[in-house]
Amino acid sequence: MKHTLKSFFSSLLFFSIAITTAQETTTKGEIPKAPKANTAAPAVSIQKPLSTAIINDTVKKATVVPPKTDRYGVRVGLDLYKITRGLYDRDYKGLELVGDYRLTKKYFLAAELGNENKTTDDDRVNFTTKGSYLKVGFDYNGYENWLDMENIISIGLRYGFSTFNQQLNSYRIYNANPYFQETPTIASGRKFEGLSASWIEVVAGIKAKVFDNVFMGFSLRLNRLVTNKEPDNFSNLYIPGFNRTYDGNFGVGFNYTVTYFVPIFKKKVAPKVVIKK
């Protein structure tokens, strides 16, 4: 019995040592293999799709601007507003010629030449203004045309100069207390000749190509007098090219034009690639 127990405990100790040794051997053999399987798989699955996504994204954001040809030349035309106004306003006759020349891709030399004959009938005075004017300056086109479009959305400056005559047709003396009697209208016919004025003009306008070489456009203008030669005892309430004076030095204007473009030469614009961020 004693030997049997001794043999049993010896066998139990032997199997315990053998199992422990086998577990340690198995653990030591599996540790080196696990990192290889885990590190190799992510390297292949992450890097390739990432590089492909970057290339595809770059291709989608890159836009190729096709080549085009810019035309340079002279544009001449008329102010339709002044012509049509003379049809319904018997106190007005006017004509304005407009033109511009393309200097660069964005800048245009611009000019207006005109003549006006206008009778102004106010509550206290009736007078007639006759004269001519010239405006010169530039326009900047802020619109980016696509392909062969030639539309213009511009802002510019002008320096205007006018020579004119005034004729006082009639007037009424101001009566501070007209309750009992209205002041009569006094005929005059007095003329004031050799008058002149100059001004600075801010211009904002649009020109759109409606047919081949034909453009329609309009512009708004804000004027500020620089010089104003006035006669004695009479103010220049209307100046050709400047229009009606407000607050003494300011005026506003408007024109509606049709112009024809005469091309002189062309410039080719090379294609380029634009990458959108």
Side-chain angles (χ1 to χ4, degrees), residues 74-86 89 91-104 106-120 122 127-142 152-168 191-207 215-232 234-261:
V74 178
R75 190 179 0 247
V76 293
L78 297 170
D79 180 4
L80 297 180
Y81 172 68
K82 285 183 170 56
I83 295 176
T84 55
R85 182 180 177 183
D89 187 354
D91 293 330
Y92 180 85
K93 292 181 181 179
L95 175 66
E96 181 178 275
L97 304 177
V98 299
D100 63 58
Y101 174 75
R102 188 175 187 179
L103 283 177
T104 65
K106 293 290 186 180
Y107 285 94
F108 296 77
L109 283 178
E112 292 92 22
L113 175 65
N115 181 276
E116 287 185 299
N117 183 338
K118 184 181 186 306
T119 297
T120 303
D122 286 343
F127 63 94
T128 300
T129 306
K130 298 180 182 180
S132 301
Y133 60 91
L134 173 66
K135 306 176 188 179
V136 293
F138 72 91
D139 288 329
Y140 174 80
N141 182 19
I152 296 173
I153 301 177
S154 63
I155 187 169
L157 288 175
R158 303 284 192 276
Y159 178 79
F161 181 79
S162 177
T163 58
F164 54 96
N165 302 323
Q166 304 272 21
Q167 178 176 317
L168 179 61
K191 295 182 180 181
F192 307 94
E193 299 181 348
L195 307 177
S196 63
S198 63
W199 62 91
I200 296 293
E201 194 170 279
V202 179
V203 184
I206 295 176
K207 293 184 181 76
F215 292 78
M216 300 292 290
F218 71 89
S219 67
L220 299 174
R221 297 154 186 265
L222 178 63
N223 312 327
R224 174 67 163 82
L225 278 174
V226 177
T227 62
N228 185 16
K229 182 181 178 181
E230 292 183 327
D232 296 334
F234 190 79
S235 298
N236 292 327
L237 302 179
Y238 189 90
I239 300 173
F242 185 89
N243 299 326
R244 185 68 182 262
T245 58
Y246 295 92
D247 194 25
N249 292 321
F250 290 94
V252 294
F254 169 85
N255 71 355
Y256 183 74
T257 61
V258 56
T259 55
Y260 185 83
F261 179 72

[X] [atom1] to [Y] [atom2] distance, which is reported to the nearest 0.5 Å:
X      : Y      : atom1 : atom2 : value
Lys207 : Phe218 : NZ    : CZ    : 11.0 Å
Leu157 : Lys135 : CG    : NZ    : 13.0 Å
Tyr260 : Arg75  : OH    : CZ    : 12.5 Å
Thr257 : Leu78  : OG1   : CG    : 9.5 Å
Arg221 : Glu112 : CZ    : CD    : 4.0 Å
Asp122 : Tyr238 : CG    : OH    : 13.0 Å

Hydrogens and angles aside, do [X] and [Y] bring a side-chain donor and acceptor to less than 3.5 Å of each other?
X      : Y      : value
Thr128 : Lys130 : no
Tyr133 : Glu96  : yes
Asn141 : Ser154 : no

Are [X] and [Y] close enough that some pair of their side-chain heavy atoms sits under 4.5 Å apart?
X      : Y      : result
Ile152 : Ile206 : no
Tyr159 : Ile200 : yes
Thr259 : Val98  : yes
Lys82  : Tyr92  : yes
Leu237 : Gln166 : no
Thr129 : Pro240 : yes
Ile155 : Val203 : no
Ile239 : Trp199 : yes

What are the two closest heavy atoms between [X] and [Y], and how far apart are they?
X      : Y      : value
Leu168 : Phe192 : CB-CE1, 4.2 Å
Asn228 : Glu230 : ND2-OE2, 3.2 Å
Asn115 : Ser132 : ND2-OG, 2.9 Å
Gly251 : Phe242 : N-CZ, 3.5 Å

Would Asn223 and Val252 satisfy side-chain contact (heavy atoms from CB on, under 4.5 Å), going step by step from the backbone distance to the final call?
CA-CA 6 Å; Asn223 312 327; Val252 294; 5.9 Å; no
Main-chain N/O of [Y] paired to [X] side chain as donor or acceptor, under 3.5 Å:
X      : Y      : result
Lys191 : Asn165 : no
Asp100 : Leu109 : no
Asn255 : Tyr81  : no
Thr227 : Ala197 : no

Audit row: Glu116, Asn243, side-chain contact (heavy atoms from CB on, under 4.5 Å) steps and yes/no:
CA-CA 10 Å; Glu116 287 185 299; Asn243 299 326; 4.1 Å; yes
Cation-pi check, Arg224 to Phe250: give yes when NZ or CZ is under 6.0 Å from the six-membered ring centre and within 45° of the ring axis, no otherwise.
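Because its charged atom sits under 6.0 Å from the ring centre and within 45° of the axis, Arg224 does stack over Phe250.
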Ring-plane angle category for Phe127 and Phe234, please: parallel below 30°, perpendicular beyond 60°, tilted otherwise.
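Phe127 vs Phe234 ring planes: perpendicular.
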Test side-chain contact (heavy atoms from CB on, under 4.5 Å) on Lys118 and Asp89; report intermediate values, then the result.
CA-CA 10 Å; Lys118 184 181 186 306; Asp89 187 354; 5.5 Å; no
N-O pairing of Asp139 and Arg158 below 4.0 Å
yes
Tell me, yes or no, whether the heavy-atom count around Lys229 atom NZ, taken from other residues, nucleotides or ligands under 6.0 Å, exceeds 12.
no
Checking side-chain contact (heavy atoms from CB on, under 4.5 Å) for the pair Leu195/Phe164: CA distance, chi angles, key distance, verdict?
CA-CA 5 Å; Leu195 307 177; Phe164 54 96; 3.6 Å; yes
